[in-house]
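Each remark here refers to the structure printed beneath this line.
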Amino acid sequence: ITSLFNSIPFSSLIIFIGLSFLSRSQSLPRYIRFNIQQALLLDIALIFPALFGGAADNLPREIVEPATNFVFYGFAASILYVVGWNLGRGEEPR
């Protein structure tokens, strides 16, 4: 699957646009649409570390490591928040 994904040009953009249209489909259950939207927002949020990753080669290690940890902890915190809110209350997070 990975080789197929990497062999198609702009496959990530095609999947992103497909999921954004799929998240608007009323035929899917509400929570599936909500989770698709969360995945899209996290994908957008993780674009910024990828953009600035090339600049990290020129920075000292004392700056790069905390920045990398911050991205990981922010990503993990958002996942834990959403899972906890959905399991604990059975509602969409605010």
> D43 side chain to A39 main-chain N or O, any donor-acceptor pair under 3.5 Å?
Replying inline: no
> Roughly how far apart are N6 CG and I8 CD1, rounded to 0.5 Å?
Replying inline: 9.5 Å
> Are F70 and F75 connected in a single hydrophobic cluster, I mean Ile/Leu/Val/Met/Phe/Trp/Tyr linked by side-chain heavy atoms less than 4.5 Å apart?
Replying inline: no
> Is there a side-chain contact between S78 and L42, using heavy atoms and a 4.5 Å cut-off?
Replying inline: yes
Donor-acceptor list for residues 21-29 side chains, cut-off 3.5 Å, not counting sequence neighbours:
unit_1: S23; atom_1: OG; unit_2: S20; atom_2: O; d: 2.8
unit_1: S25; atom_1: OG; unit_2: S27; atom_2: N; d: 3.4
unit_1: S25; atom_1: OG; unit_2: S27; atom_2: OG; d: 2.8

> Going from OH on Y31 to CG on N35, what distance comes out if it is rounded to the nearest 0.5 angstrom?
Replying inline: 10.0 Å
> According to a 4.5 Å side-chain heavy-atom criterion applied to Ile, Leu, Val, Met, Phe, Trp and Tyr, with indirect links allowed, do I15 and I32 form part of one hydrophobic cluster?
Replying inline: yes
> Who passes side chain to side chain contact (heavy atoms under 4.5 Å, CB included) against I44, sequence neighbours left out?
Replying inline: F16
